[in-house]
Student: 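A single structure is presented below for examination.
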Number of protein chains: 2
Amino acid sequence: MPSHGRRPSIGRVAELAGVSPTTVSHTLNGRRPVSAATRKRVLEAIELLGYRPNALARGLRTSRSESIGLIIPDITNPFYPMLARGLQDVLGPAGYHEIISNTDGDRALERSAVEQMIVRQVDGIAFAVFHTHAEDLLPAIDVGVPVVRLGGRLVQEGVDLVHSDDEGGAAEATRYLLDQGYDRIGFVCGPRAEGPAAERVAGYLSALAERGVAADPELIAHTRFSRAGGDDGTERLLALPRPPRAVVCANDVMAIGALDAARRRGLDVPGELAIMGFDDIEAATLVSPRLTTMANPARKIGQACGRLLLDRLSGALTGPATETVVPARLVRRQSA
Amino acid sequence: MPSHGRRPSIGRVAELAGVSPTTVSHTLNGRRPVSAATRKRVLEAIELLGYRPNALARGLRTSRSESIGLIIPDITNPFYPMLARGLQDVLGPAGYHEIISNTDGDRALERSAVEQMIVRQVDGIAFAVFHTHAEDLLPAIDVGVPVVRLGGRLVQEGVDLVHSDDEGGAAEATRYLLDQGYDRIGFVCGPRAEGPAAERVAGYLSALAERGVAADPELIAHTRFSRAGGDDGTERLLALPRPPRAVVCANDVMAIGALDAARRRGLDVPGELAIMGFDDIEAATLVSPRLTTMANPARKIGQACGRLLLDRLSGALTGPATETVVPARLVRRQSA
DNA sequence: TTGAAAGCGCTAACAA
DNA sequence: TTGTTAGCGCTTTCAA
């Protein structure tokens, strides 16, 4: 084990092994042949000194940092850790590390996060914020850093897009209910159908249309994106003269609220009211009955993003921005 | 907006502003006075060129990367995002970024993560893995990188320790039940009381002792750390000739299992059986009745870790390793 | 199969 | 108040 003082440099290794720094460099990253004898001496010297390369120096020289920036609202929201993991699934083995920046959805923070990533010379950026204006990404594009936007629907020049199939997923959920003979199906939606929720209503509507079931506007309850909101919205639907016997909710948290409403009314789920959620959060398996839901493929989205970034970095993918849609998956449990 | 080609360097800014690179450097990080007129010219040049400093070059020169490494088992486990956020709460404003490495608890991965962090020249490491051997951190200590271990109880030379007060928290939970008149209180524990669970049983026992209540070994159910485990353990307790009327569980997931057991037996919670959890996971508010539990202060732990790191880095703190215990907080809800 | 030399972009003595 | 110079540790021509 090495002593103290400054960490040993490639030069000291070279010295000890009696070769040039060039040779040490090459035995380390094999860009040119090194004789077995030399390699052995170098490796021994490395071992002896406890030498480790300096990624900063290497990055400065090669102008690649082998790190990618992940800009998200809040790592505390369970969707994002999954995303991060997916990214790491593909980027990790390729030698990249992730630098994560939380913005709390604050526009100023988002912009400064992009700046920071450029300063830190990241090789790519994964940007997972819904409500940003396209121009916030311009600095990165300008500098030539590949950017992938996660979620949202904003198509932007120079920015690849990856998102889940919210519309298709909601359609599938609705079809699943339709297939079981329900014909009056409610939808518990957010205040104004913003973001993914808009797509999800669209999917609900299209599934209905596709099966020739008339959509009844009364059956769409606008409410808050929360457990209490899901409760209220469901309550309102249930109070209708001709209440639905099945509801699909814009997300799992609202579906858990729907469960509350059913319980309060003494309704058996799914016997008297079938409930479907969306996202498949951890709590979906923790409530009773367990939630039947559409899994929001966060990890898969992260993986797709990683692959995209890798392809851009290697030059395997060039040309205009692409759009990747990752399907949501039906998870049958007990509530529907 | 700048054109293309290589990103502008400090030299190009200097050129354009008609000053030396040194002056540009100093107007940027204010280590020495710069005349107002000069500063203005420099700033204009920066603006004009769209100049951004290169963190790699700076880091190489100063041998500080302004980043810290966070090594955890799995960012997908909700405890760790909270930790990460807490770290960022204090490190972010100080200009540090986090590099996160997931190890899945794999020893080889943990070791290589430490190596990677050193290679990337992180200024500090937060290491949140229970079952590692002390020697895995030696490379970092050897190189002089401050390391803080999160969780666990392993006191190690050169490694500051921050963990939650599992023992005190469990004692408080038990006391809370005792105060409500329960005298036969069960404890639903893990297989062999390993990790934090060991401390939690100890807290349970000490609260009992403190109040002069005899501990009945029958009332400690050893089972798996899972929802099903919590269900089984509680079931076993309930099947006793003199069953407890209150149980504290080693964690919330198990407490949710205890809820299952109560529901199956038609027991009112908390009327006929009071249930306490530990951790305050998100799902604790999602089940019915909502879980009364001890909040595991992940974010506070992260913050404490950040402060420690900052103090070590600034030299405000020197000397032997410290131990910081962060108290758990009682969260009264419905289940007890 | 190997080396010498230059330079990535920055900061910090030292000097003026 | 400002500039000159050297060098952080590495990779990469170019040359042998």
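Side-chain atoms are counted along with the backbone in the values below, which use heavy atoms only and exclude waters and symmetry mates. Residue numbering restarts at 1 for every chain, and letters A, B, ... go by the order of the sequence lines. Bear in mind the structure is a predicted one, so any value in this text is a computation, not a measurement.
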Student: In chain order, what residues pass the salt bridge (charged side-chain N to carboxylate O under 4.0 Å, His left out) check against B:E157, with sequence neighbours excluded?
Tutor: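 By the salt bridge (charged side-chain N to carboxylate O under 4.0 Å, His left out) rule, B:E157 matches no residue at all.
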Student: In chain order, what residues pass the salt bridge (charged side-chain N to carboxylate O under 4.0 Å, His left out) check against A:D106, with sequence neighbours excluded?
Tutor: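 None.
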Student: Among residues two or more places apart or on two chains, list those pairs meeting side-chain hydrogen bond (donor to acceptor under 3.5 Å, both in side chains) that have a residue in residues 73-84 of chain A.
Tutor: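 The answer is A:D74-B:R85.
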Student: For B:Q116, give me all partners under side chain to side chain donor-acceptor pair (under 3.5 Å), at least two apart in sequence or on another chain.
Tutor: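 With sequence neighbours excluded, B:Q116 shows a side chain to side chain donor-acceptor pair (under 3.5 Å) to no residue whatsoever.
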Student: Among all residues two or more places apart in sequence or in another chain, which pass the side chain to side chain donor-acceptor pair (under 3.5 Å) test with A:R64?
Tutor: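 Per chain and number, A:R64 pairs via side chain to side chain donor-acceptor pair (under 3.5 Å) with A:E66.
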Student: Show me the pairs that pass salt bridge (charged side-chain N to carboxylate O under 4.0 Å, His left out) and involve residues 307-326 of chain B, at least two apart or across chains.
Tutor: B:D160-B:R312
Student: Check this for me, if you would: do A:E135 and A:R107 make a salt bridge, where the nitrogen-to-carboxylate-oxygen distance has to be below 4.0 angstrom?
Tutor: yes
Student: Going by the rule salt bridge (charged side-chain N to carboxylate O under 4.0 Å, His left out), which residues pair with B:R111 if we only count those two or more places apart in sequence or in a different chain?
Tutor: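 For B:R111, the residues satisfying salt bridge (charged side-chain N to carboxylate O under 4.0 Å, His left out) (neighbours in sequence not counted) are B:D136.
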Student: Kindly state each residue pair satisfying salt bridge (charged side-chain N to carboxylate O under 4.0 Å, His left out) with at least one member in residues 10-38 of chain A, sequence neighbours excluded.
Tutor: none
Student: With axes from five pairs an end, tell me the bend angle of the helix from C:dT1-D:dA16 to C:dA16-D:dT1, nearest 10°.
Tutor: 30°
Student: Can you give one letter per nucleotide of nucleotides 8-16 of chain C, going 5' to 3': B for a protein heavy atom under 4.0 Å from the base, S for sugar-phosphate only, - for none?
Tutor: BBBBB-B--
Student: Tell me every residue that passes side chain to side chain donor-acceptor pair (under 3.5 Å) with A:S25, counting only those two or more places apart in sequence or in another chain.
Tutor: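 Result, side chain to side chain donor-acceptor pair (under 3.5 Å) vs A:S25: none returned.
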Student: Reading DNA chain D 5' to 3', which nucleotide is the first, and which the last, to come under 4.0 Å of any heavy atom in chain B?
Tutor: D:dT1 to D:dG9
